[in-house]
Protein chains: 2
Amino acid sequence: MSVTIKDIARQAEVSYATVSRALNDKYGVNPRTRDKIIKIAEELHYRPNALARSLVSSRSFTIGLVLPDITNPYFPEIAAGIEKASIEQGYGVLLCNTDGDIQREKRYMRLLAERRVEGILLAPAISKTEDMEFQTQNSLPLVYVSNAPLKTSHSAVLIDNIRGGYIATKHLIDCGYGTIGFIGVHEEDMRDNERFEGFRNAIERHGLRMEEKYCRFGTFRQESAYQLIREMISEKDVPRALFVENDNLAIGVLHGIKDSGLKVPEDIAVIGFDDISYSSYSEVQLSTIRQPKDRMGSLAAKMLIEEIESAGKDNNRRTVIVEPELVVRQSSC
Amino acid sequence: MSVTIKDIARQAEVSYATVSRALNDKYGVNPRTRDKIIKIAEELHYRPNALARSLVSSRSFTIGLVLPDITNPYFPEIAAGIEKASIEQGYGVLLCNTDGDIQREKRYMRLLAERRVEGILLAPAISKTEDMEFQTQNSLPLVYVSNAPLKTSHSAVLIDNIRGGYIATKHLIDCGYGTIGFIGVHEEDMRDNERFEGFRNAIERHGLRMEEKYCRFGTFRQESAYQLIREMISEKDVPRALFVENDNLAIGVLHGIKDSGLKVPEDIAVIGFDDISYSSYSEVQLSTIRQPKDRMGSLAAKMLIEEIESAGKDNNRRTVIVEPELVVRQSSC
DNA sequence: ATGAAAGCGCTAACAA
DNA sequence: TTGTTAGCGCTTTCAT
């Protein structure tokens with residue numbers, strides 16, 4: 001098929017073991033033979049067969065990136081960070097877009113297992129991805145990015161959700177809004193759910209009241225948030241400001257408010273979470289809590305690779321929490 | 001390390017060749033032994049080693065997806081389509097985000113070559129990715145998606161750019177705008193450049209004049225389009241409507257118009273191209289030409305896989321042109 | 001410094 | 001129907 005070390009060995013009139021040594025910079029090869037071999041390799045456009053190498057070395061230098069939906073604007077930045085850090089360290093990234101489809105997720109687990117990926121980066125949407133955790137059976141390094149189950153023994157790179165929720169809410173309070181509501185997803189046992197906790201903390205600590213009627217929970221889809229806010233408005237009892245769990249939902253909320261004939265922030269102020277790129281566009285101007293997504297991605301990749309390369313050594317699993325940052329735009333002031 | 005067919009063979013008290021046959025549904029295995037083997041394989045959580053299999057079969061069932069920037073909202077939908085079609089056919093996708101960085105692109109070419117990917121899907125930003133075409137030396141199946149060099153012998157899945165440009169411009173003409181300008185990127189030799197050609201066709205065919213001063217070319221960045229429109233406005237001579245080469249730039253244009261104190265579409269009407277999700281948001285309402293990105297992605301993946309699996313057979317390279325669709329929103333009427 | 005040989009896990013002749 | 005064997009391309013002892 002393609003050029004192998006044997007072809008090179010033949011031309012260089014050495015054994016193919018020597019070629020392997022020369023090409024891998026191993027100790028103990030005559031510089032002259034070495035140069036000769038390298039020259040021939042270049043002439044022949046030799047490309048080592050990573051599959052063969054992996055087979056003997058049990059190192060595939062490949063990781064799996066599993067995420068629910070690459071078209072959700074939150075994830076590409078994470079993926080870009082992961083990707084960059086990975087290629088820098090010579091690792092390939094197998095993209096696995098689960099679409100929240102269990103069948104597909106299973107196929108991916110198979111694929112990743114069969115290809116002997118050395119680790120998995122998992123950006124879970126909902127907690128059923130614990131399956132995956134189960135499937136890997138703790139035998140494969142696994143690092144969560146951006147979200148994780150509350151209880152897991154695996155490493156994770158997360159934003160400080162409680163603090164983020166607190167900061168967002170505090171900001172609304174500082175703006176002087178006296179009634180503040182929450183719109184989000186109620187996903188038990190996942191870390192991003194803690195944003196609500198931060199919200200509640202802020203409310204309570206500043207002498208406001210938690211009003212159940214102002215807190216609504218739906219799905220991850222924009223339309224869900226749209227519905228929730230429209231319902232709230234039609235009930236003629238809306239809070240003066242809203243903290244929405246993520247920017248995607250917040251955009252749904254903005255639409256809903258607009259379609260109800262109300263104005264942001266004059267009638268209802270809104271703050272989101274994530275700082276996806278859309279949020280900064282001049283037509284949207286959504287206040288939000290920024291996540292350093294790119295950095296979180298590359299950090300997670302680095303941690304995963306570290307776990308891979310220190311395999312067997314003492315447990316170095318850890319959870320890294322990055323700081324949220326308040327970004328004030330026109331939707332809240 | 002992990003469970004191999006030898007382990008299974010030992011337990012089943014057969015040779016490991018029989019195990020291979022049984023597990024691969026080959027002709028000529030006693031159903032009883034077969035069942036026994038399959039049962040044991042399951043008990044042992046056996047996962048075939050794809051690397052070993054690839055080595056002997058010369059089939060890696062892996063393709064490379066090379067794109068300039070996954071955080072550009074245009075690409076994730078393409079990627080999702082690719083991804084879906086690929087996994088359905090049992091292929092893994094190695095994600096390669098070049099970031100327009102030549103060094104990185106080279107690294108990727110190495111990585112993909114060494115891992116013996118069976119084909120490459122290339123979504124090029126600019127024509128320098130011809131390098132890649134050169135590198136693969138026509139030895140690897142390569143399919144372009146969404147954009148391609150004007151001259152290439154490889155397959156491609158493209159939108160009808162000329163027609164798209166024509167439709168967009170025709171729409172502006174139909175709205176009654178008498179002076180129409182163009183903002184875009186001037187990238188010689190790439191197919192998406194043909195949008196300008198469609199623009200010109202429409203202008204000329206409807207008795208309008210091509211005004212050079214209304215046609216401006218910059219880079220791919222939003223800021224570039226922002227600058228161009230601001231300059232135009234500051235020169236006090238602006239067309240009544242603008243066709244912008246893609247939605248990303250169009251958003252820059254919208255910002256620029258807004259920051260100049262003008263209104264869309266009252267002062268300047270705008271239409272873009274691509275229909276990225278952001279364009280449909282109620283605050284933006286950008287008229288545009290829709291590309292069926294998801295479908296283009298999966299089509300490209302299917303074509304690539306077809307080329308791979310018909311290797312050696314007669315040349316089945318082809319260019320598929322999909323139809324653009326006019327989407328009218330508030331920015332143009 | 002170099003060669004010979006074993007073996008990574010698997011598939012595919014060829015025998016039996 | 002099953003076993004034996006060679007070999008995919010490479011790394012890594014163990015000799016020399």
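Sequence lines set the chain letters: A, B, ... in the order given, protein chains first and strands last, and positions in each chain run from 1. It should be emphasised that the depicted structure is a prediction, and the values quoted were computed from it without experimental measurement.
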Rounded to the nearest 0.5 Å, what's the gap from CZ on A/R10 to CD on A/E13? Could you check? 11.5 Å

Of the candidates C/dG3, D/dT11, C/dT11, the side chain of A/V56 sits closest to D/dT11

For D/dG3, take OP1 and OP2 only and decide whether either is under 4.0 Å from a side-chain N or O of B/S15. yes

Basic-acidic side-chain contact under 4.0 Å: A/R104, B/E83: yes

Can a donor-acceptor pair under 3.5 Å be found between the side-chain atoms of A/R21 and the base atoms of C/dG3? yes

Indicate yes or no for a side-chain donor-acceptor contact from B/D69 to the backbone of B/T71 under 3.5 Å, with no hydrogens or angles considered. yes

Indicate whether OP1 or OP2 belonging to C/dT2 is found under 4.0 Å from a side-chain N or O atom of A/T33. yes

If you check every side-chain atom of A/A17, which of D/dT12, C/dC8, D/dG7 has the closest atom? D/dT12

Hey, does B/S57 reach any base, or is it just sugar-phosphate, or nothing, if we go heavy atoms under 4.0 Å? nothing

Per B/Y16 side chain, nearest of listed nucleotides D/dT5, D/dG3, C/dG3: D/dT5

Considering every strand and a 4.0 Å limit on heavy-atom distances, what is the contact class for B/Y46: base, sugar-phosphate, or nothing? sugar-phosphate

Is the distance from OP1 or OP2 of D/dT12 to the nearest side-chain N or O of A/K26 less than 4.0 Å? yes

Could you tell me whether the side chain of B/K36 and the main chain of B/A12 form a donor-acceptor pair under 3.5 Å? yes

Could you check which of C/dT11, D/dT11, D/dT2 has an atom nearest any side-chain atom of B/R53? C/dT11

OP1 or OP2 of D/dT11 under 4.0 Å from side-chain N/O of A/N24: yes

Proximity to the side chain of B/S20 - top-ranked nucleotide from D/dT2, C/dC10, C/dT11: C/dT11

On DNA chain C, nearest-nucleotide positions of A/R116 versus A/P31: which is more 5'? A/P31

B/L55 CG to D/dC8 C1', straight-line distance once rounded to whole Å: 4 Å

